[in-house]
Amino acid sequence: MSAQGLPMKVPAPGLPARVRIHEVGARDGLQNEKGTVPTEVKAEFIHRLAAAGLSTIEATSFVHPKWVPQLADAEALFPLLDDIAEAREVSLPVLVPNERGLERALALGARSIAVFGSATETFAARNLNRTVDESLAMFEPVVARAKAEKVHVRGYLSMCFGDPWEGAVPVAQVVKVAKDLMDLGCDELSLGDTIGVATPGHVRELLTALNDSAVPTSSIGVHFHDTYGQALSNTLTALQHGVTTVDASAGGLGGCPYAKSATGNLATEDLVWMLNGLGIETNVDLTALTATSIWLAEHLGRPSPSRTVRALTPPPSSPSHKE
């Protein structure tokens, strides 16, 4: 789909040799779709992502169906992914909001879960119907049970760089909640720029503050939205700081049903194009990934917002004209 040898590999100093992409398209990407995506299409999407070389694919969410109707088929979907899970080469994390969600996930054999917290009180109230402290208390038995079952736990922290209701979020406030979340026993922390307002200096300051509070860079992932076109520049800043886990969504799908100003996630293809040019290993086949996003866009009935997908999409064939 692209010219041979492009992008040209030109490594930059101080960057990691390898980055693990935490693919969120099947969960975060599809949860905000207005129309129902058939379970079989979701399963095929995840299989195609795995075939493209993605090793961490967030599969679904075990929230109550009335809150996120698009992911109400979690029990039907997860067994369709058994062949991927059995290969043990692909991790299929799932989002769980509470102990009931964890029970549902464990019953289906999930070995990696995520809990979803907020750095701000307003978003915690709107998304979880709890205060920040109450949400942490809700997560405590979830994380404890998961760790007892030797299940990997990721802690998402949303609104780390700005909140649509509260505005700027003090770095110290984010650090406190992040530290509380990690102290529950989470294995990793994903910093969410939920409404896409972060800029590189802000990213650097937060990462430094977390390190100063004993949260190691090795435990941190970044989750940027591209609302203001800053997702790649923010990602590069995180890589320069030593972060090696980056969340992205195939085709740039995604948003947040509880924060209307949250637009699409960083597109996985745009991320891979940049990392390929920097000579950073991802093990992702960009051609296969792009074809997957084109295929899904056809099912969704609209073009992919990813600039790389658009650039690599073959133009439509011109109709032949007969005299």
Side-chain angles (χ1 to χ4, degrees), residues 1-2 6-8 10 12 15-16 19 21-25 28-33 119-120 123 156-169 171 174 190-207 220-241 243-278 280 282 284 286 289-290 292-294 296-297 300 302-313:
M1 291 185 197
S2 61
L6 296 177
M8 187 170 73
V10 183
L15 296 178
V19 161
I21 298 175
H22 187 105
E23 172 60 47
V24 299
D28 193 19
L30 293 180
Q31 72 175 8
N32 209 33
E33 288 297 312
T120 66
F123 189 66
Y156 277 108
L157 189 59
S158 60
M159 302 298 173
C160 290
F161 299 93
D163 179 288
W165 302 280
E166 298 183 20
V169 183
V171 168
V174 178
S190 175
L191 302 174
D193 181 21
T194 315
I195 58 174
V197 296
T199 53
H202 194 172
V203 172
R204 187 180 301 110
E205 182 177 0
L206 177 55
L207 291 172
I220 297 173
V222 288
H223 185 117
F224 294 118
H225 286 233
D226 208 30
T227 314
Y228 294 90
Q230 303 296 298
L232 277 178
S233 59
N234 290 332
T235 298
L236 182 57
T237 298
L239 297 179
Q240 291 168 336
H241 192 87
V243 171
T244 58
T245 298
V246 179
D247 296 4
S249 175
L253 294 172
C256 176
Y258 298 98
K260 299 305 180 185
S261 56
T263 55
N265 291 289
L266 168 63
T268 311
E269 294 84 0
D270 297 357
L271 174 63
V272 171
W273 181 273
M274 181 182 78
L275 296 178
N276 283 352
L278 289 167
I280 297 174
T282 64
V284 175
L286 182 57
L289 178 60
T290 300
T292 294
S293 289
I294 293 171
L296 184 64
L300 297 178
R302 65 173 187 277
S304 166
S306 164
R307 293 184 181 183
T308 299
V309 170
R310 293 185 181 189
L312 298 181
T313 300

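Please read all numbers here as calculations on a predicted model, not as lab measurements. We count residues from 1, following the sequence as given.
- Not counting sequence neighbours, the partners of H202 by the ring-ring contact (aromatic ring centres under 6.0 Å, His included) test are F161.
- The 12-atom threshold is exceeded at CZ of R310, counting heavy atoms of other residues, nucleotides or ligands nearer than 6.0 Å.
- Inter-residue side-chain proximity for P164 and M159 is flagged as met; some heavy-atom pair is nearer than 4.5 Å.
- Taking E166 as the reference, nothing meets the salt bridge (charged side-chain N to carboxylate O under 4.0 Å, His left out) condition, with sequence neighbours excluded.
- Interatomic distance, NE2 of H225 versus CD1 of I195, reported as 10.0 Å (0.5 Å rounding).
- A donor-acceptor pair is defined here as one N or O able to donate and one able to accept, closer than 3.5 Å; such a pair exists between the side chain of D226 and the backbone of Q230.
- T235 meets the side chain to side chain contact (heavy atoms under 4.5 Å, CB included) test with F224, L239, V246, L266, L271, M274; sequence neighbours excluded.
- Applying the side chain to side chain contact (heavy atoms under 4.5 Å, CB included) test to A12 and every residue at least two apart in sequence or in another chain returns L15, L278.
- Evaluation of the side chain to side chain contact (heavy atoms under 4.5 Å, CB included) rule for A238 yields V203, L207, V222, V243 as partners, not counting sequence neighbours.
- In this structure, R204 CZ and N234 CG are separated by 10.0 Å, a value rounded to the nearest 0.5 Å.
- Remark: S293 pairs with E269 by the side chain to side chain donor-acceptor pair (under 3.5 Å) rule, at least two apart or across chains.
- Not a single side chain to side chain donor-acceptor pair (under 3.5 Å) links T282 to another residue, sequence neighbours left out.
- Counting only residues at least two apart or in different chains, salt bridge (charged side-chain N to carboxylate O under 4.0 Å, His left out) contacts with residues 245-254 comprise R154-D247.
- Annotation: side chain to side chain donor-acceptor pair (under 3.5 Å) contacts of T308 (sequence neighbours excluded): D270.
- Annotation: side chain to side chain donor-acceptor pair (under 3.5 Å) contacts of E205 (sequence neighbours excluded): none.
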